[in-house]
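In this chain, residues are counted from 1 in sequence order. Order of listing sets the numbers, starting from 1, for every ligand and every atom in it.
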Amino acid sequence: MKERLVETLRELLTINTSNPPGGEEKAASFLYGLLKPHIPDIEIIASADGRANLFAKIGGKREARPIVLLVHLDTVPADEKEWSFPPFSAHVSEGFIYGRGAIDMKSQVVCTAFSLLELVEEGVVPENPIVFLATADEECGGKFGLCYVLEKKEELKSAAFVLSEGGFVIEEDGLLYAQIALSEKKLSQFVVKAKGTPGHASAPHGDNPNEKIVAAARRILSYNSPLRVTALARSYLNGILKGSRVGSYTFRDLREAVRDRRFVRFLVKRPDLNALLRNTIALTILRGGEKINVIPSLSEAYFDARLLPDQSHEAFFKKIRRLAGPEVEIAFTEGGISTPIPSPKRTVFFRLLKEVIQERLDCKVLPYMTAGATDLRFFRSLSIPSYGFFPLVLSKGEAQRMHGVDERVSIERLLLAFDIQKEIIRRLMLTRV
Ligand SMILES: [Zn+2]
């Protein structure tokens, strides 16, 4: 079985589902073929040409709200020139499988699918119905993915619990920390547009949209949002840092640390931790001008901002509008706003995850907030308890390859993740909610 799991993951990694354009239909059909013999209640939900989602359901002992195991089939693109091995070749080297999507999140797709396969074969009948949902378009807003499926499958809107991505088991200085993501930051993406008078570059006239955009962007990016200690960030950072030296500073409690310059300096080197403590803004797309000797008439800059869960979009936007100044227009982008509600920690699900993880790993289990946005935001905004976790052990360096260059998964750790994932799913099946 273990060889089959590795080979299945490799096959899935060779199906290029970079989004845009996506092309998840092939991956959905591949999984359909794998699961259909074991889970007859399964269908492909096509949402556009080449775009498709997979919905599979294992009936429960009674009619009840489903527990949803949510994964996505698309990946971010990969620039082949930068990679050591072609990103869609699933090349194996020194115990690692290389491939775009190896961590985010085809390993979780395959481990979840195989867990269900085996558990059904073993005759486990779930208390609540279990839905395995593999979506398209997670990386680009979800219009062809979860948004589409939620309209077709009403029962999802009353799910009892959703388990998806967002947390891993992080290895830091030889210790392990399981991140159970209860929450994620709010997506707050906006575009700044400037208009001007087109003309020849040989006679600058002072009404150049590129210059307006540069000035506005500079003001927006110079804004350093204040550090905020949320309960979640505090329990997570205290969990991983208590008693350790960060630079010349000994960390005791986050409340105290944020007031110390040495800790604030340390945060500059740790963008992953910095993002848990403040709103962030990144300038991601700049567009303006086509020819070197022509002043354009329009210029645009796209910003991806992420807010802490207790911050309001309106207040943030007001601030940004003021910084951008009167020379430019500013608007939220379509689908660029999310308002996920943090999930509670005191649930049977948190206890279950903690129990299974600690039976198998010597590890702290900490509530966590994902800095990125995931499909879980759609469930979180419906107040459905939604956790992001996959028991894959990752060092900081490995985690950084996700969305980066040479994304890869260790075969040994993949198999360990599968064992733990299967046990988590078995106990979810035995849970009555
Ligand atoms: Zn993902």
Side-chain angles (χ1 to χ4, degrees), residues 9 12-13 15-24 27-28 31 51-54 68-78 87-88 97-113 132-150 162-170 178-187 189 272 275 282 284 304 306 335-336 338 340 343 368-381 386-394 396 398-409 413-414 417 421:
L9 173 59
L12 188 60
L13 287 171
I15 303 174
N16 182 343
T17 51
S18 306
N19 187 12
E24 301 89 344
L31 286 178
R51 315 294 304 265
N53 305 272
L54 185 77
V68 179
L69 306 172
L70 173 69
V71 293
H72 65 84
L73 299 172
D74 59 327
T75 69
V76 293
F88 301 101
I97 309 170
Y98 285 75
R100 172 56 85 223
I103 308 177
D104 184 13
M105 63 176 302
K106 288 178 173 171
S107 289
Q108 189 170 348
V109 172
V110 170
C111 287
T112 306
F132 174 66
L133 178 59
T135 60
D137 206 25
E138 191 271 345
E139 300 289 359
C140 287
K143 188 173 158 199
F144 301 105
L146 191 54
C147 290
Y148 189 88
V149 177
L150 279 171
V162 186
L163 180 64
S164 186
E165 65 177 339
F168 293 98
V169 179
I170 295 295
Q179 310 166 315
I180 313 287
L182 307 184
S183 173
E184 61 186 65
K185 285 179 90 176
K186 288 178 171 174
L187 203 57
Q189 296 169 325
D272 57 328
T284 47
D304 183 323
R306 309 289 169 120
S338 74
S343 297
Y368 181 66
M369 175 179 72
T370 314
T374 72
D375 264 352
L376 280 178
R377 69 186 184 278
F378 297 107
F379 288 104
R380 287 185 171 125
S381 63
S386 306
Y387 290 176
F389 179 68
F390 180 54
L392 182 66
V393 178
L394 288 176
K396 266 182 289 174
E398 295 298 321
Q400 274 160 7
R401 293 168 184 253
M402 179 167 44
H403 287 211
V405 172
D406 285 343
E407 184 177 349
R408 63 182 192 177
V409 65
R413 288 180 164 179
L414 171 76
Q421 181 78 342

Checklist entry - Just checking, any donor-acceptor pair under 3.5 angstrom between side chains of Asp375 and Ser164? => result no
Checklist entry - How would you list, by chain and number, every residue that makes a side chain to side chain donor-acceptor pair (under 3.5 Å) with Ser18, sequence neighbours excluded? => result Asn16
Next on the checklist: So which atom in Gln421 and which in Pro391 form the shortest heavy-atom distance, rounded to 0.1 Å?
Outcome noted: OE1-CD, 3.3 Å
Next on the checklist: Keeping to distances under 2.8 Å, can you name the protein N/O/S atoms close to the Zn ion (ligand 1)?
Outcome noted: His72 NE2, Asp104 OD1, Glu165 OE1, Glu165 OE2
Item to check | Partners meeting side chain to side chain donor-acceptor pair (under 3.5 Å) with Tyr368 (sequence neighbours left out) | outcome: none
Checklist entry - With sequence neighbours left out, what residues match Arg377 under side chain to side chain donor-acceptor pair (under 3.5 Å)? => result none
Checklist entry - Charged N to carboxylate O under 4.0 angstrom, Glu24 versus Arg51? => result yes
